[in-house]
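Comments concern the structure below.
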Amino acid sequence: MTNPKQARERTSERQTTNQESVEGDICPECQGQITQDSDRSETTCESCGLVFEENPVDRGPEWRAFTAEERDQKSRVGAPTTQLKHDKGLSTTIGWQDKDAYGQSISARKRSQLQRLRTWDERFRAKDAQERNLKQALGEINRMASALGLPKPVHETAGVLYRRAVEENLLPGRSIEGMSTASLYAAARQHGIPRRIIEFAEVSHVTEIRIQRAYRYLSRELNLEIEPEDPKRYLPQFASSLEVSDEAEQLSRELLEVATNNAVHSGKSPAGLAAAALYAATTLTNEKLTQKTVSNVAYVSRVTIRKRYQELLEVYSDHD
DNA sequence: GGGGTAAATACTTGCCT
DNA sequence: AGGCAAGTATTTACCCC
């Protein structure tokens, strides 16, 4: 059950790095060299790991041609297809202007003919309830993913999942919002960049519990076999939002390793563990970070952070 | 600020029907 | 299938230092 009070208190404060930067520049944080990784998905600082861009622009075709002949063979026309549009971006539209291909005005008769064509064009575009449903869901997915700062590949995966759900007829009786949110949540987990369900609840109109239910259903019906969350996956986002040192982030990683090896972690919420590890690490590195601050960005209560971080430090000092 | 606790609530698991 | 009970984890709301 989503507590309205809780939702009010937990206004999302996720920070994204919006600084503009180009490869070869100097990082404003640590003066390190900025580079792009091989698949061009991120522009990051080499030494401190600060991410500048996660959604790079399209840099052209993925093929290369060395002769004119090759170019003719390989080049294709049209926009790349995408899972983010209900028809994968392949449709054409009948223009709204009453002009022919040369820009000349056309006769009244032709105009009314065109109008009828447009009508049918529209009808076919969103052919039936399913297609329209898909259209709306993909729009939702897009919007939420942007709001949560999830990278493009996650949007795409969510689109695929939703499409599969529609094809397997999983929608009847469920809300579009719930299923699209669940798809996005599942996609984020598959990509190893999990977000708390409550964050999705904040950017959608669906309650936490409904998302949870929809996700379970989706995961079961599509046999997604998503692995249990790994607390370490939460570290990068938490660390970035809280602006802790690399040292502390590394330390919290170690704390989690030790905890996992000692099986102290089973049954505990991964996000809670990650938050606690980060807090514990900052106390060790003398960075002043309050439990409340951590609690706010991680969506974990102070009490949980306290309990977990004490356990973490205990096993760490024992088994080391 | 940190740290503690009780009661309420949520989630899981196992059992039963 | 679904309901129920028990056990555990988490949250909420107080408290003290």
Side-chain angles (χ1 to χ4, degrees), chain A residues 1-14 168-170 172-174 178 181-182 185-186 188-189 194-202 204 206-235 237-238 241-245 248 251-252 255-256 258-318:
Chain A
M1 218 54 62
T2 307
N3 187 334
K5 197 168 177 191
Q6 172 184 325
R8 203 186 323 131
E9 234 175 63
R10 289 169 161 169
T11 41
S12 180
E13 288 174 35
R14 183 165 307 289
E168 308 227 352
N169 240 331
L170 302 182
R174 316 236 157 206
T181 315
Y185 172 72
R189 283 188 58 167
R195 291 286 138 91
R196 314 286 325 264
I197 292 188
I198 189 171
E199 297 182 66
F200 290 93
E202 278 175 3
S204 71
V206 191
T207 60
E208 207 178 340
I209 190 162
R210 290 197 176 281
I211 299 172
Q212 179 102 44
R213 271 211 277 264
Y215 165 69
R216 250 194 260 279
Y217 177 66
L218 190 73
S219 153
R220 180 162 32 93
E221 297 299 322
L222 298 182
N223 298 315
L224 294 184
E225 292 179 14
I226 294 177
E227 292 168 22
E229 294 177 286
D230 177 354
K232 290 198 281 291
R233 297 284 199 186
Y234 280 106
L235 287 180
Q237 33 162 336
F238 290 172
S241 302
L242 293 166
E243 297 179 330
V244 302
S245 66
L251 188 53
S252 43
L255 285 166
L256 289 177
V258 175
T260 314
N261 292 337
N262 288 283
V264 198
H265 67 300
S266 68
K268 311 290 201 304
S269 97
L273 277 162
L278 215 46
Y279 176 75
T282 56
T283 61
L284 295 179
T285 56
N286 282 324
E287 284 167 62
K288 41 174 188 272
L289 204 60
T290 69
Q291 295 177 352
K292 191 169 190 302
T293 324
V294 182
S295 162
N296 279 337
V297 315
Y299 297 92
V300 174
S301 76
R302 284 196 308 147
V303 180
T304 305
I305 292 177
R306 264 205 294 276
K307 284 173 86 167
R308 287 298 93 74
Y309 109 88
Q310 284 161 352
E311 286 168 13
L312 286 176
L313 289 182
E314 205 174 308
V315 291
Y316 191 63
S317 56
D318 281 357

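This structure is a prediction, so every number in the text was calculated from the model and none was measured. Residue numbers start from 1 in every chain, and the chains themselves are labelled A, B, ... in the order their sequence lines are given, proteins ahead of strands.
A:Tyr279 contributes atom OH, which lies 13.5 Å from atom CG of A:Leu255 (distance to the nearest 0.5 angstrom). Distance check, rounded to the nearest 0.5 Å: NZ of A:Lys268 to CZ of A:Arg308 gives 5.0 Å.
Rounded to whole Å, the distance from CD1 on A:Ile305 to C1' on B:dG1 is 14 Å. We find that OH of A:Tyr309 is positioned 7 Å from C1' of B:dG2, with the value rounded to whole Å. The separation between A:Arg196 atom CZ and B:dC11 atom P is 11 Å, rounded to whole Å. Regarding A:Arg306, its CZ atom lies at a distance of 15 Å from the C1' atom of C:dA9, rounded to whole Å. Residue A:Arg302 contributes atom CZ, which lies 10 Å from atom P of B:dG1 at whole-angstrom precision. Residue A:Leu273 contributes atom CG, which lies 11 Å from atom C1' of C:dA9 at whole-angstrom precision. With rounding to whole Å, A:Gln310 atom CD is found 15 Å from C:dT10 atom C1'. Taking atom CG on A:Leu289 and atom P on B:dG1, their separation rounds to 11 Å, with Å as the unit.
For A:Val303, taking side-chain heavy atoms from C-beta onward, the closest of the listed nucleotides C:dT10, C:dT11, B:dG3 is C:dT11.
Phosphate contact (OP1/OP2 of B:dG2, side-chain N/O of A:Tyr279, threshold under 4.0 Å): present. Remark: A:Gln291 is not in phosphate contact with B:dG1, judged by side-chain N or O atoms under 4.0 Å from OP1 or OP2. Contact check, A:Ser301 against C:dT10: no side-chain N or O comes under 4.0 Å of OP1 or OP2. Contact between the side-chain N/O atoms of A:Arg216 and the OP1/OP2 oxygens of B:dT12 is found at a separation under 4.0 Å. At least one side-chain nitrogen or oxygen of A:Thr304 sits closer than 4.0 Å to the OP1 or OP2 atom of C:dT11.
Other residues, nucleotides and ligands contribute over 12 non-hydrogen atoms within 6.0 Å of the CD atom of A:Glu168.
Nucleotide C:dA1 forms a pair with no other nucleotide shown, judged by Watson-Crick or G-U wobble geometry with both contacts under 3.5 Å.
Using modelled atom types, one finds a donor on one side chain and an acceptor on the other under 3.5 Å when comparing A:Arg189 with A:Tyr185.
Nearest heavy-atom pair across A:Ala274 and A:Pro231 is CB-O, 3.3 Å.
Residue A:Lys307 is in base contact, counting any heavy-atom pair closer than 4.0 Å across all strands shown.
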